[in-house]
Amino acid sequence: MAEDLKQTTARGFFWAALGGGAQQVVTLLIGIALARLLSISDYGMVGMLTVFSLLAGNLQESGFTATLAVRREARREDYSAVFWFSILTSCTLYALLFVGAPYIAAYNNTPALTLYARVIFLGFVVSSFGTASTAMLFRQLQVRQRTTSQVSASLLSGVVGLSMACCGMGCWSLVGMDLCYKLTYTSLVNYYAHWHPDLMSPRQVWDRIRPLLPQSINILATNILTTLSGQLIQGLLGHRYPLQSVGHYAQAQKWQTLGQQLLSGMVGSVAQPVLGRVNDDRDRQQRVLLTLLRFTAFMSFPAMLGLAYVSPELIPLLIGAKWAPCVPLLQMLCIAGSTVPLSQTLANLVIAQHRSGVFLLVSSMLLAMQLAAYVLLSSYGIQLLVLVLASITLMGLPLWALVVRALCGISLRGVLRSVLPYALAAFVGIALSQWLGCESMWLRIPVVACAYVGLLALFRDRTLREAWEFACTKINTTTK
């Protein structure tokens, strides 16, 4: 049974890495092309609406995906009830945001924002039709099907966005790309789930939804807080800073998110269901969690710190010199973002143990600190504000570690001992590159990568060995 779980987890990581990597490459190439075709103001315009779209998406999903993933049993009627409840919620939210769009535009001193908002908010209504199917694939660890849906949606929406941008449609190309992605992804997950909802009366829906609410409400509130902590500042910047500054921050956030989402998606695809399956065995759950942490750190630190290191050359090369002012913001966000997948892994354990109230409390504390920083520091310039926000993000890792210590007995020292060697190896690789005087980005990247892998091999790192053995096994299986 333990070996089956290990193989299932490994397969989940493999497909999440393969699909997530493909999706990020597609997103990267499309993002480069769009950044060259569109203006900074176009990105700033859509950036002001991102937080509202994400919040509405959280409300539409209502935390049911995670709730169903960790339940001992999820029946067909539960998924049907979630389907109808999600649609009703999204339609209600869209009506409210449709009415509120002029007020959002007035707050940001951008009257044209009203029409953009009313169109782009249709996206979460479309997504509501796939909530139950996504939850089903997530619970069953159907990672290949989910990643295939994501990559296909990214490709098709990218073609649509680029076509609209080439036709001179400005930020409408970003709006069209977003809607196309959600429509395609929703259609595909419904196809892969091989499932259709049962007709239910409002009473039947409520009877099935009610037992899920205690857990889902806390998860919903936490998801909202997580979204706010990542996007609220971007939504507020339009009130304090010029549209150009908002655009630079939005671009920096986008590039940092590219790397972070790949890592978080890999771990998130398997961590919650796997930790839920070993919830009755504390020792085994500790071993699983530490393994997930080591693997996450193994991938996260070199990727995010490496992106921060090469960004002064990478950003002007790929998207043009006009975006150079976003580089310092990107570097700060990347350094802080290297710990976010680790914090999310620890948070997954909290959800798996049905302690969603604790999950909500910790997320509330982090958001409160970010809002306090915005209120106190926004008048001192955007760079200082982002620096403090990044520092608060870094604080999330030890804070979540302390929570996990109380729940499953793994100490903060144990968490740090598992992840810090990978951060140290990444920093040593960067320092070696600087010491050797590598001036070109194309030389620095292989030097840092070789130094990182070499150091881990020298100290016989277990995660490196297991990753190598799994890769060899997969290659041998494919070639037979």
Side-chain angles (χ1 to χ4, degrees), residues 20 23-24 26-61 86 90-91 93-94 97-98 100-101 104-105 108 110 112-131 134 146 149-190 223 227 230-232 234-235 238 246-247 249-251 253-258 260-262 265 319:
Q23 183 186 8
Q24 296 305 323
V26 171
T27 304
L28 174 64
L29 295 176
I30 293 168
I32 291 170
L34 285 174
R36 290 182 174 275
L37 290 169
L38 302 179
S39 68
I40 298 172
S41 299
D42 289 333
Y43 277 91
M45 185 82 73
V46 175
M48 294 177 190
L49 299 173
T50 301
V51 64
F52 298 100
S53 294
L54 292 175
L55 285 175
N58 291 150
L59 290 167
Q60 163 257 309
E61 190 268 343
S86 179
S90 66
C91 291
L93 287 170
Y94 181 75
L97 286 172
F98 186 93
I104 297 173
N108 287 284
T110 312
L113 206 60
T114 300
L115 182 57
Y116 292 117
R118 287 174 170 172
V119 176
I120 202 170
F121 290 158
L122 286 169
F124 62 82
V125 178
V126 173
S127 297
S128 67
F129 287 84
T131 300
T134 300
R146 291 179 63 210
S149 302
Q150 291 166 348
V151 173
S152 301
S154 295
L155 279 169
L156 182 58
S157 63
V159 171
V160 170
L162 286 174
S163 300
M164 294 175 68
C166 289
C167 293
M169 299 184 70
C171 68
W172 280 113
S173 59
L174 298 174
V175 174
M177 187 169 66
D178 180 74
L179 291 175
C180 181
Y181 177 88
K182 290 173 179 174
L183 178 60
T184 306
Y185 177 76
T186 299
S187 301
L188 288 173
V189 293
N190 281 321
N223 288 341
T227 298
Q231 298 291 335
L232 179 61
Q234 182 170 308
V246 181
Y249 180 83
Q251 190 67 250
Q253 183 85 339
K254 176 186 174 182
W255 279 82
Q256 180 261 348
T257 303
L258 274 175
Q260 184 182 302
Q261 276 186 343
L262 171 60
I319 58 177

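We number each residue from 1, following the sequence as shown. Heavy atoms only: backbone and side chains are in, while hydrogens, waters and symmetry mates are out.
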* Structure fact -> On a heavy-atom basis, the closest approach of N190 and F129 is ND2-O, 3.2 Å

* Donor-acceptor under 3.5 Å (T186 side chain, L183 main chain) -> no

* Once you round to the nearest 0.5 Å, how far does OG of S152 lie from OH of Y185? -> 11.5 Å

* Interatomic distance, L115 atom CG to I120 atom CD1 [nearest 0.5 angstrom] -> 11.5 Å

* Partners of S157 by side chain to side chain contact (heavy atoms under 4.5 Å, CB included), sequence neighbours excluded? -> M177, C180, Y181

* With T114, which residues qualify under side chain to side chain contact (heavy atoms under 4.5 Å, CB included), at least two apart? -> A101, P102, A105, R118

* side chain to side chain contact (heavy atoms under 4.5 Å, CB included) involving C166 - partner list, sequence neighbours excluded -> L37

* Pairwise distance OG1(T184) to CG(L179) - rounded to 0.5 angstrom -> 10.5 Å

* Asked: Taking all non-hydrogen atoms of both residues, which atom of T131 and which atom of S86 are closest, and how far apart?
  -> OG1-OG, 3.1 Å

* For M164, check side chain to side chain contact (heavy atoms under 4.5 Å, CB included) against everything at least two apart and list the hits. => V160, M169, W172, S173

* **Residue pair C91 / V125: nearest heavy atoms and the distance that separates them** => SG-CG1, 4.4 Å

* To do: Calculate, to the nearest 0.5 Å, the distance between atoms CG and CZ belonging to L93 and F121 respectively.
  => 10.5 Å

